[in-house]
Amino acid sequence: MDKILHYFPQLTGLQREQLAALEPLYNDWNQKINVVSRKDIDNLYIHHVLHSLAIAKFIQFRPGTEILDLGTGGGFPGIPLAIFSPESKFTLIDGVGKKIRVAQEIASALELKNIITLPVRSEELRQTFDFMVTRAVAGMEQLNNWSHRLIKTKMQNAIPNGWIALKGGDIQSEIKAMTRKEYVEISPIDAYFPEEYFKEKYVVYVQG
């Protein structure tokens, strides 16, 4: 938790309380439904919360921005981002019902009014969003294919609408494999957070 406050000193008292509540909530739910690796639950704030908030270093969503968290699992990156951007609207989806239930219960416990959770897959959605965010869900070609009908054309943020993925590994190979050649921007996360864990991890933005 101290690392979060170090990198985001501007957080309000309510945001700090909500972030502090994540650890006991996830510890409790993880004993019932394994949404965070049991080997990794002790690293919740660095490996999951701070990792999610790398997107908040890349872009600060303007009030009213609508964001889809595709394949949220137990709520990452959507829940930390919803805490950070309370005036934006987040729709968290996952095809695994028990995982999305955890995200829903945690969002409810935190009284996050800017989150909707849905137990659906992307192809079932009929609405559009300013941005799609995702973490450890699929390759860039697949994400790009999913995103096209989900992204609005009208823009309201400092950068054009599109999708933002937290990625690791061989990013360049994934970019080369994309059949549509949209604008791609890669930001190394260790430029925001120099912890060893973030080496070779990236925020990847693709214009929609």
Side-chain angles (χ1 to χ4, degrees), residues 1 3-4 7-8 11 15 18-19 21-23 25-26 29-30 35-37 40-41 43-62 65-96 99-100 102-107 110 112 114-118 122 125 129-140 142-143 146-147 150-151 157 159 161-169 171 185-193 195 197-198 200-206 208:
M1 181 65 186
K3 290 284 188 182
I4 309 290
Y7 291 118
F8 297 97
L11 292 168
Q15 288 171 319
Q18 289 170 327
L19 288 166
L22 289 176
E23 186 170 49
L25 284 168
Y26 275 105
W29 274 103
N30 219 50
V35 290
V36 175
S37 165
D40 212 27
I41 193 70
N43 299 309
L44 180 77
Y45 282 109
I46 299 295
H47 293 187
H48 301 277
V49 179
L50 191 59
H51 191 199
S52 298
L53 289 175
I55 293 173
K57 287 291 189 182
F58 177 77
I59 178 175
Q60 293 195 17
F61 297 117
R62 289 181 178 163
T65 301
E66 296 186 7
I67 301 110
L68 170 68
D69 179 1
L70 178 89
T72 188
F76 299 105
I79 287 177
L81 290 173
I83 293 171
F84 188 84
S85 301
E87 295 184 334
S88 297
K89 301 173 184 177
F90 291 81
T91 299
L92 279 53
I93 69 168
D94 201 285
V96 180
K99 290 184 178 180
I100 202 70
V102 173
Q104 171 60 52
E105 293 290 345
I106 288 176
L110 297 173
L112 291 170
N114 59 335
I115 282 182
I116 295 170
T117 60
L118 298 171
S122 62
L125 287 174
F129 305 85
D130 298 294
F131 291 94
M132 181 179 87
V133 298
T134 187
R135 183 179 84 137
V137 170
M140 290 179 62
Q142 184 64 69
L143 291 172
W146 284 334
S147 73
L150 298 171
I151 303 299
N157 282 269
I159 64 174
N161 295 354
W163 57 271
I164 304 166
L166 296 167
K167 299 285 291 181
I171 299 297
E185 187 172 334
I186 303 170
S187 299
I189 295 178
D190 63 2
Y192 308 134
F193 315 132
E195 281 75 14
Y197 177 74
F198 296 114
E200 298 187 9
K201 289 183 172 60
Y202 309 92
V203 176
V204 180
Y205 160 71
V206 179

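Values in this document were obtained by computation on a predicted structure and should not be read as measured data. Sequential numbering from 1 along the given sequence is applied to the chain's residues.
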Nearest-0.5 Å distance, [atom1] of residue [X] to [atom2] of residue [Y]:
{"X": "Q104", "Y": "T117", "atom1": "CD", "atom2": "OG1", "answer": "3.5 Å"}
{"X": "N30", "Y": "L44", "atom1": "CG", "atom2": "CG", "answer": "9.0 Å"}
{"X": "S122", "Y": "M132", "atom1": "OG", "atom2": "CE", "answer": "7.5 Å"}
{"X": "I116", "Y": "I93", "atom1": "CD1", "atom2": "CD1", "answer": "12.0 Å"}
{"X": "I83", "Y": "L11", "atom1": "CD1", "atom2": "CG", "answer": "9.5 Å"}
{"X": "M1", "Y": "I46", "atom1": "CE", "atom2": "CD1", "answer": "11.5 Å"}

When you measure from the centre of the six-membered ring of Y197, is the NZ or CZ of K201 closer than 6.0 Å and no more than 45° off the axis?
yes

Measure the acute angle between the ring planes of Y7 and F193, then classify it against the limits of 30° and 60° as parallel, tilted or perpendicular.
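Plane angle between 30° and 60°, so tilted.
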
Without swapping roles, check the side chain of [X] against the backbone of [Y] for a donor-acceptor pair under 3.5 Å.
{"X": "E66", "Y": "D130", "value": "no"}
{"X": "N114", "Y": "S88", "value": "yes"}
{"X": "N161", "Y": "G208", "value": "no"}
{"X": "T134", "Y": "L70", "value": "yes"}
{"X": "N157", "Y": "I159", "value": "no"}
{"X": "E185", "Y": "Y205", "value": "no"}
{"X": "D69", "Y": "G78", "value": "yes"}

Can you tell if the side chain of [X] reaches within under 4.5 Å of the side chain of [Y], non-hydrogen atoms only?
{"X": "V36", "Y": "H48", "value": "yes"}
{"X": "Y45", "Y": "L50", "value": "no"}
{"X": "L68", "Y": "I151", "value": "no"}
{"X": "V133", "Y": "W163", "value": "no"}
{"X": "F131", "Y": "T65", "value": "yes"}
{"X": "F58", "Y": "I189", "value": "no"}
{"X": "Y202", "Y": "E200", "value": "yes"}
{"X": "K57", "Y": "F8", "value": "yes"}

Within a radius of less than 6.0 Å around CD of Q142, do more than 12 heavy atoms belonging to other residues, nucleotides or ligands occur?
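Count over threshold, so yes.
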
Give a yes or no on this: more than 12 heavy atoms of other residues, nucleotides or ligands lie within 6.0 Å of atom NZ of K167.
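Atom NZ in K167 is packed in, count exceeds 12.
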
Quick check: closest heavy atoms across [X] and [Y], and the distance to 0.1 Å?
{"X": "A21", "Y": "L110", "value": "CB-CD2, 3.7 Å"}
{"X": "D94", "Y": "G71", "value": "OD2-C, 3.3 Å"}
{"X": "A103", "Y": "G73", "value": "CB-O, 4.2 Å"}
{"X": "F90", "Y": "S85", "value": "CE1-O, 3.7 Å"}
{"X": "L143", "Y": "A138", "value": "CD1-O, 3.6 Å"}
{"X": "I67", "Y": "F129", "value": "C-CD2, 3.9 Å"}

Does the distance from a Lys or Arg side-chain N to an Asp or Glu carboxylate O, for E87 and R62, drop under 4.0 Å?
no

Chi angles and distances behind the side chain to side chain contact (heavy atoms under 4.5 Å, CB included) call for V204, I164
CA-CA 6 Å; V204 180; I164 304 166; over 6 Å; no

Verdict with supporting geometry, L22 and I106, side chain to side chain contact (heavy atoms under 4.5 Å, CB included):
CA-CA 8 Å; L22 289 176; I106 288 176; 4.1 Å; yes

Test side chain to side chain contact (heavy atoms under 4.5 Å, CB included) on S187 and Y192; report intermediate values, then the result.
CA-CA 9 Å; S187 299; Y192 308 134; 3.4 Å; yes

Working note: L118 + L92, criterion side chain to side chain contact (heavy atoms under 4.5 Å, CB included); need CA distance, chi angles, decisive distance, verdict.
CA-CA 6 Å; L118 298 171; L92 279 53; over 6 Å; no

Looking at H51 versus F76, is the centre-to-centre ring distance below 6.0 Å?
no

